[in-house]
Structure formats: structure tokens, C-alpha cells
Amino acid sequence: AGAKDDTFSVLDLAEYTKNRPWWRKIFAPNSGSSAEKYNVATQLVIGGVTGWCTGFIFQKVGKLAATAVGGGFFILQIANHTGYIKVDWNLVQRDMDKAKQQLKFHTSGNKMPSEVKSRVDEVIIFLKKNVILTGGFAGGFLLGMAS
């Protein structure tokens with residue numbers, strides 16, 4: 001007596017997500033261009049502050065990494081000079097030649113894989129839609145690196 005005919009629509013999630021930019025998959029379905037949401041001053045401030053923080057952290061981590069790598073090479077040279085370690089230079093040369101051959105093989109194609117090309121295209125579209133935010137970030141990053 002009370003039979004209902006329910007109809008359901010099927011949503012293919014694989015096809016749905018293929019046609020969406022990566023930043024919308026991560027952040028939110030309504031995360032469009034920042035130009036649609038914020039005025040120019042807000043975009044510059046957000047970009048500048050995040051850029052400065054990124055540049056400052058990048059500078060500090062870079063100095064620490066350079067010190068660690070340089071100190072490591074210095075200690076290895078002292079250990080080699082005093083006889084604690086011996087370097088097999090023939091093995092080093094053979095490994096370097098092998099690495100050069102692999103680099104020549106991988107760079108001879110000059111063709112970018114399609115998935116990398118699509119990601120690069122998405123990033124370019126994002127940067128074009130958010131020029132002011134990107135400019136603020138770039139300026140803040142340079143100031144953060146300088147401080």
C-alpha cells in the first residue's frame with residue numbers, strides 16, 4: 001500500500017575528481033581564486049607575511065644544512081688525511097660515470113610526462129588567478145631571506 005519508488009543518481013567519484021584542480025581537492029570545494037574573496041591589500045599582506053616566514057625559515061635551515069654538510073666534509077678530509085679512512089677513488093670514478101650515463105639517458109627524451117605537465121599547468125593557472133597574492137609572497141620571501 002505504501003510502496004515508494006526511490007531513484008538514486010550514481011556519481012562516479014573518479015571522473016568527478018579528475019576534472020577538479022588539485023588545490024580544490026585539498027582545501028575545499030569552494031576554494032577558488034583569492035581575488036574573488038579578498039581585496040588587494042589583504043592579498044598583499046597574506047602573501048607578504050607567508051612569504052617572509054617561508055624565506056626566514058628557508059634561510060635558517062639553509063645555513064644549518066650548509067654548516068652540517070661543510071663540517072661533515074671537513075671531518076671526512078681530516079679522517080682521510082690521518083689515515084682513519086681510505087677512499088677507493090676507482091670506485092668513486094666508476095659510480096660517477098654510471099650516474100652520468102643515467103643522467104644522459106633520462107635527459108635525452110626532452111619530453112615531460114603527461115602527469116607532470118598537467119600539474120605544471122595547474123600551478124600556472126593558480127599563479128595567474130592569484131597574481132597579487134603570488135607577488136606578495138615573492139616579495140616577502142626575498143625579505144625573509146635577507147633578514
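Separating the CD1 atom in Ile132 from the CD1 atom in Ile46 is a distance of 11.5 Å, to the nearest 0.5 Å.
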Kindly indicate, with the supporting measurements, whether the criterion side-chain hydrogen bond (donor to acceptor under 3.5 Å, both in side chains) is fulfilled by Thr42 and Asn39.
-> CA-CA 6 Å; Thr42 305; Asn39 63 20; 2.6 Å; yes
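Here the side chain of Asn130 pairs no donor or acceptor atom with the backbone of Leu133 at under 3.5 angstrom.
Applying the ring pair (Phe, Tyr, Trp, His ring centres under 6.0 Å) test to pairs two or more places apart or on separate chains, those with a residue in residues 42-63 are Trp52-Phe56, Phe58-Phe141. Within the structure, the side-chain hydrogen bond (donor to acceptor under 3.5 Å, both in side chains) test picks out no pair touching residues 131-143 (sequence neighbours left out). Applying the side-chain hydrogen bond (donor to acceptor under 3.5 Å, both in side chains) rule to pairs touching residues 69-96 yields Gln93-Asp97, sequence neighbours excluded.
Closest heavy-atom contact between Gln59 and Met145: NE2-O, 3.3 Å.
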